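Report on one structure; see the data block that follows.
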Amino acid sequence: FNSYFLITAIVWVLVTVRSKWTKVLLVCLFAAGVVSTFQRMSWLVMCLVLATYLLSIAKIPLGRLALAGMTVAATGS
């Protein structure tokens, strides 16, 4: 159940923190904690939270996200 507290922390950071670098650092740290719990449902919920934030709140174009995803997939990182 700790992963759901981390997902709540991710949402709090995305909504309240203003500094871009602090936001990225904290979200990556909390996301690593969620991934390390090995609970697939938590991974799904985290992906939905991040997708909702990126597409609805941050208004990042879908094409830009798709390009970033393809780049990561192609490099194997």
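Atoms considered below: every heavy atom in the structure, side chains included; atoms not considered: hydrogens, waters and symmetry mates. Predicted model, so just to flag it, every value in this text is computed and none were measured.
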Enumerate, atom names and distances included, each donor-acceptor pair closer than 3.5 Å involving a side-chain atom of residues 9-18, sequence neighbours excluded.
{"residue": "Thr16", "atom": "OG1", "partner": "Trp12", "partner atom": "O", "Å": "2.6"}

Spatial distance of atom CD1 (Ile7) from atom CG (Asn2) [nearest 0.5 Å]: 11.0 Å
Taking all heavy atoms of Val34 and all of Ser3, pick out the closest pair and write down the distance. CG2-O, 3.8 Å
Of all pairs that satisfy side-chain hydrogen bond (donor to acceptor under 3.5 Å, both in side chains), the ones with a partner from residues 20-30, not counting sequence neighbours: Ser19-Thr22, Lys23-Tyr53
Working to the nearest 0.5 Å, report the span between CG of Leu6 and OG of Ser36. 8.0 Å
Look at the side-chain heavy atoms of Ile, Leu, Val, Met, Phe, Trp and Tyr, link any pair under 4.5 Å apart, and say whether Val35 and Tyr4 land in one connected group. yes
